[in-house]
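The structure appears below as structure tokens.
In each ligand, atom 1 is the first atom listed, and ligand 1 is the first ligand listed.
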Amino acid sequence: MKSFNVPVHYRSPLVTAIKQKRKADDKMKRDFTPTFLQLGDLHIILARHFGFCYGVENAIEIAFKAVAENPGKRIFLLSEMIHNPGVNADLQALGIRFIMDTKGNMLMRWEDITNNDVVIIPAFGTTLEMEALLKAKGIDPTHYETTCPFVEKVWNRAGKIGDEGYTIVIHGKPGHEETRATFSHSQAHTHTVVVKDMAQSEVLAKYITGELPQEQFYADFNGQYSAGFDVAKDLQCIGVVNQTTMLASETQAIADYLKQVIVNHYQLSFDRYGERFADTRDTLCYATNDNQTAVAGMLESEADIALVIGGYNSSNTSHLVELCELKLPTYFINDEHCLISATTIRHFDMHTHTEMETENFMPANRPLRIMITSGASCPDALVERVLVRLAAITGNDNTIDSLTADWERP
Ligand code: SF4
């Protein structure tokens, strides 16, 4: 896979050495067992895959290139380029400004953008409507476009299925930039509806089977269906695509479930389901798959707690947290500063959407076993800083240098 020119301060000598060694030993990427690190009486169980993905590195390279190539010009990002506060702060420090927040609310006046400005499209991509607005201003939206090719792959798949006459069901967070962009590109080809989870898919199924009155659909899916959506005819043939960072197992479960609903309702034999249900297994992103499978591999070991590192608004990171929470006490942290002391941790509770502090988060037993992974928008340098901080607060800070030297040794 292509490598990118990412600023060196996002890299970590230790994590790079670990990843390179694991990759050399497992070229076909079949081994999802974690890496075991020993820092004195602190035992770290590190997921096999974590951190920056192809799309994030591509976006960072293009954004820094845009700054280098346009001295003196105003440079804007449509919204956060990726969901990592540290990376976004770095870009702002270089003078890049955000036009919108993550929900699409304007942070500045649209009239103030001119064709002398540089506008970068974030890794999530953007809507056709936004592309048209930029073109109308004389700004080429493709010049510094960082849209991930794996997101574009979903758009292409939705377009192809749509052109074949299927309605697209997007499994995604309705307000997320990527889902809004995929919705826009999909509805240019066919009718489209967004489901956020299995519960909403079960409601959608009741409209497929006619168990719920059609008029109620427009309230249940308010803001989540394309203009002119006709429940009576637009749910007869469907295909499911996803926001690339959703829980892969949930997307698969939703696709399998809706397929079965269609097969049962229309009494199709197994070899005829394709008449009304388009198979779309290949819209899952490789990084989402790798990182989630690596967490499953990590969770086969035993540990006391898990730390998941990433931006609190990062969709892919939140799903890693969900997986870990099923097995052990899990703390979703932004960076090393969240490890306030050996007893106190600051972390994000996804269920209440609040950052909170928890006392006595570390069990007293030794050795202490901690699982660690990070989201696709989290720099490896941040993971190393968390390791260094953990070593410090557990009294093992003299072990990090020798650990790095061990892994860097050929
Ligand atoms: S998580 Fe996947 S789709 Fe999203 S930016 Fe990374 S590689 Fe692209």
Enumerated ligand 1 atoms positioned under 4.0 Å from heavy atoms of Thr244: 3 (S), 4 (Fe)
Asn316 touching ligand 1 at heavy-atom level, < 4.0 angstrom: no
Within reach of ligand 1, part of Cys285 (heavy-atom separation under 4.0 Å): side chain
Distance-only donor-acceptor check, side chains Ser315 and His176, under 3.5 Å: no
Aromatic Tyr144 / basic Lys65 pairing, under 6.0 angstrom, 45° off normal: no
Within 45° cone and under 6.0 Å: Lys19 NZ/CZ vs Trp407 ring: no
Best match, Cys148, Pro122, Gly55, Gly125: closest heavy atom to atom 8 (Fe) of ligand 1: Cys148
Gln243 side chain to Lys173 backbone, donor-acceptor under 3.5 Å: yes
Which of the ligand 1 atoms, numbered from 1, are nearer than 4.0 Å to a heavy atom of Phe150: 3 (S), 7 (S)
For Cys53, atoms of ligand 1 separated by under 4.0 Å from a heavy atom: 1 (S), 5 (S), 6 (Fe), 7 (S)
Atom indices of ligand 1 within 4.0 angstrom of Thr245 heavy atoms, with elements: 1 (S)
Pair His171-Thr251, side-chain donor/acceptor within less than 3.5 Å: yes
Phe76 six-ring centre to Arg97 NZ/CZ under 6.0 Å and within 45° of normal: no
